[in-house]
Visitor: 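So that we are looking at the same thing, I have put the structure below in structure tokens.
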There are 2 protein chains.
Amino acid sequence: MTDIARLAGVSTSTVSRALAGNPLIPGPLREQIVALAAAHGYVINQSARSLRRQKTDTVGLVIPLGHEAGQLISDPFFLEMVGRLSDEITLRDHAVLLHRVVATQPGWLDRLIGAHRVDGLLVIGQSDQHQTLNAVAAHYAPLVVWGGHLPDQAYCTVGVDNVGGARMAVEHLIRTGRRNIAFLGVPQAPEVALRHEGYRRALSDAGISASEALSAPAHFTTETAYDAMRSLIASGVAFDGVFAASDVIALAAVRALKADGRSVPQDVSVVGFDDSSVARYGDPPLTTVRQDLETAARVMVDLLFRRMAGERTPSSTLAPELILRASSSR
Amino acid sequence: MTDIARLAGVSTSTVSRALAGNPLIPGPLREQIVALAAAHGYVINQSARSLRRQKTDTVGLVIPLGHEAGQLISDPFFLEMVGRLSDEITLRDHAVLLHRVVATQPGWLDRLIGAHRVDGLLVIGQSDQHQTLNAVAAHYAPLVVWGGHLPDQAYCTVGVDNVGGARMAVEHLIRTGRRNIAFLGVPQAPEVALRHEGYRRALSDAGISASEALSAPAHFTTETAYDAMRSLIASGVAFDGVFAASDVIALAAVRALKADGRSVPQDVSVVGFDDSSVARYGDPPLTTVRQDLETAARVMVDLLFRRMAGERTPSSTLAPELILRASSSR
DNA sequence: ATGCGTTGTGCAATCGTTTGCAAGCCAATT
DNA sequence: AATTGGCTTGCAAACGATTGCACAACGCAT
């Protein structure tokens, strides 16, 4: 900047103001300086700018992998969410800092915040970090979390009605004559716990007793889901329907069922959750509970920016939609 | 930091050194300061640190969307790549800054670099920015690009042998008796152009003349791919095989074919490219050319870090693998 | 007591911006 | 001619770390 100032015959203050579009600097001079900077390929150093302004124009995107066995960001739903959120954040002229948090030592979130690299935080999925999030929300406002809505929750969430969505899925299975319906998912993550709750309620409303033996713990990865389905089959318990906590789990389950010689949906109806890209192209195409990611991302980013501006915003719950496809019989 | 220094009864220099694990500070004192910092939730301000050290411990992940009609990061292959690269970068204690570059005004890459927010850049896909990349590589070394290997290329790339991979795909189609093979993809992106080249060579080696009428322009999005397939069908040209430049395109093509009453693979064999997550679960599961993303990500990050350390590394080409599934007949 | 390493610490400059405050300039008013 | 006020512009102080250099303290040999 010093160079540009010398070239333009003014001080760095003037250059700084000109580049910031400050109306104190008269139009012609401002344009001349901007042109000069462009010609010399000068770009403002963001570290210095951030330090001085105490803001970074950057949003942190956090993917907690606390309860996951796998080490990587693999679920297509999460990845689509990353894409959607990035688009939305970029639209607002902010940069995106991606954080993949796996070894969740206590204080990881505070450290993220303390580093002052971001002006706000978007957390994709609560994982098993509900307490941490609650504690942090007490002193850090610009934080929006994608996930389930819990009763004792102090932070701002956006998410679909998981209980209602699960209910729609299971009621659909019951309506099409299924009685022994299995659940696939680990309830550590609140979203999954809520989906399990919806599953139980739908069953009990229909007068069906939910057997514990019908729930198998499957993480959000193909491998554990496949294994969970295999061991459910091996356990010998009878079932004619499966409600999975995600599409990836559902598709892995379909694969395991086929490997066992059962056909979908004739022998077993399968319903997933998310309606991520894989669901539509699945074999068979997957009946699933759609979460509208485009809206979700827009709402999350909107809430975050309002929080960054000092507003206190409430949580927001979106309506899920049941998408009927071939993996469940009519 | 001043506070911690006061509390510990030392100067900020000492605190800085203690926190950095500098052996100048004797063990016991160092531990005491570290403990004090932890107890007070003190975290080093990264803007200040970056400014002073002139490095950010951050890698930029760039997704150029120059030639794409759509506005967002949607292709699952790109997203999987983002996930894989993030994992690999995090493993090396660096942060990830995600850049989605859509309106590619000239100089966008220089502006990215000039802002000094990252120590190195990973570009996912050349898009139509080959010239830009070439120009920048002349003065900016820490840059690794995923994409096709071009003859006049000054920057470091990692990518599969696109010509060879496409050849394998098309030869497989020919071997199984297909003669009229269509190509789906826009050749603006070098990867796609190279795949088209492999397609042409395989045909001419088999003594089949490649008709221009068999190539349809499809972008990396479901919609344009679907439309491209529909208009190819509408054009009335006869074909019994399709080689698509990506899995997303291939699956959209399958959908369009089914909508027209043709069955896959009986009437038309379809082969994709990428082996992204959707391919395996497709209906029917997709024969495709696999790009090993795990290796790819590791190689890219490894090369980038060597370049950041000052080494001059050459480009690297990975071997593609043909994955046979049900979308093509044997 | 002096000299000389060795070790541990702090001073102060520096990284590249932004911005409050003051001052210079010029025209208009008294 | 002096005062006022509006525009422009620059000075210099932050922002919060890191680090070269100097110096203090200490033990030990002379």
Visitor: In whole Å, what is the span from the CG atom of B:L51 to the C1' atom of D:dC15?
Guide: 9 Å
Visitor: Nearest whole angstrom, please: distance from the C1' of C:dT9 to the CG of B:N22.
Guide: 12 Å
Visitor: Would you mind telling me which of C:dT17, D:dA17, D:dG16 lies closest to the side-chain atoms of A:R49?
Guide: C:dT17
Visitor: Using 30° and 60° as the class limits, which term best fits the ring planes of B:H94 and B:F305: parallel, tilted or perpendicular?
Guide: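 Ring orientation, 0 to 90° scale: perpendicular.
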Visitor: Quick one: B:R117 CZ to C:dG16 P, roughly how many Å, whole number?
Guide: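 Checked: the CZ to P distance equals 17 Å.
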Visitor: Would you mind telling me which of C:dT9, D:dG16, C:dT18 lies closest to the side-chain atoms of A:R52?
Guide: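 Within the option list, the nearest is C:dT18.
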Visitor: For the side chain of B:Q126 and the backbone of B:V145, is there at least one donor-acceptor N/O pair under 3.5 Å apart?
Guide: no
Visitor: Round to the nearest Å and state the distance from B:M1 atom CE to D:dC15 atom P.
Guide: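 Rounded to whole Å, this separation is 15 Å.
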Visitor: Select base, sugar-phosphate, or nothing to describe what A:S16 touches, counting heavy atoms under 4.0 Å on all strands.
Guide: base
Visitor: Looking at every strand, decide which applies to B:I44 at a 4.0 Å heavy-atom threshold: base, sugar-phosphate, or nothing.
Guide: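 Sugar-phosphate, no base atom in range.
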Visitor: So, is B:Y42 close to the D:dG16 phosphate, meaning a side-chain N or O under 4.0 Å from OP1 or OP2?
Guide: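 Indeed not, no polar side-chain atom of B:Y42 lies that close.
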Visitor: Would you kindly give the CG-to-C1' distance between B:D57 and D:dA17, to the nearest whole Å?
Guide: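 Taking CG of B:D57 and C1' of D:dA17, I get 14 Å after rounding.
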Visitor: Tell me whether B:T90 contacts the main-chain N or O of B:S86 through its side chain, where contact means a donor paired with an acceptor under 3.5 Å.
Guide: yes
Visitor: Ignoring the backbone of B:R17, work out which of C:dT18, D:dT19, D:dG16 is nearest its side chain.
Guide: D:dT19
Visitor: If I take atom CG in residue A:L29 and atom P in nucleotide D:dG10, what distance separates them, rounded to the nearest angstrom?
Guide: 9 Å
Visitor: With nearest nucleotide decided by heavy atoms, which residue, A:T2 or A:L24, maps closer to the 5′ end of DNA chain C?
Guide: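 Checking each residue's closest nucleotide, the 5'-ward one belongs to A:T2.
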Visitor: Ignoring hydrogens and geometry beyond distance, is the side chain of B:S13 in donor-acceptor contact with the base of C:dC11 at under 3.5 Å?
Guide: yes
Visitor: Roughly how many Å is it from CG in A:L19 to C1' in C:dT18, rounded to a whole number?
Guide: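 The distance from CG of A:L19 to C1' of C:dT18 comes to 12 Å, rounded to the nearest Å.
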Visitor: Any N or O donor-acceptor pair linking the side chain of B:R53 to the base of D:dT18 at under 3.5 Å?
Guide: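 By the distance-only test, no, there is no pair.
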Visitor: Select from B:Q54 and B:T14 the residue whose nearest nucleotide in DNA chain C is closer to the 5' end of that strand.
Guide: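 Comparing both residues, the 5'-ward one is B:T14.
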Visitor: Whether B:D302 and B:R298 form a salt bridge (side-chain N of Lys/Arg under 4.0 Å from carboxylate O of Asp/Glu) is what I want to check.
Guide: no
Visitor: Rounding to a whole Å, what distance do you find between A:D3:CG and C:dG16:P?
Guide: 10 Å
Visitor: Examine the base of C:dG8 for any acceptor or donor lying under 3.5 Å from a partner atom in the side chain of B:R30, and report the outcome as yes or no.
Guide: no
Visitor: Heavy atoms only: give me the nearest B:R84-B:A297 pair and the separation to one decimal.
Guide: CB-CB, 3.6 Å
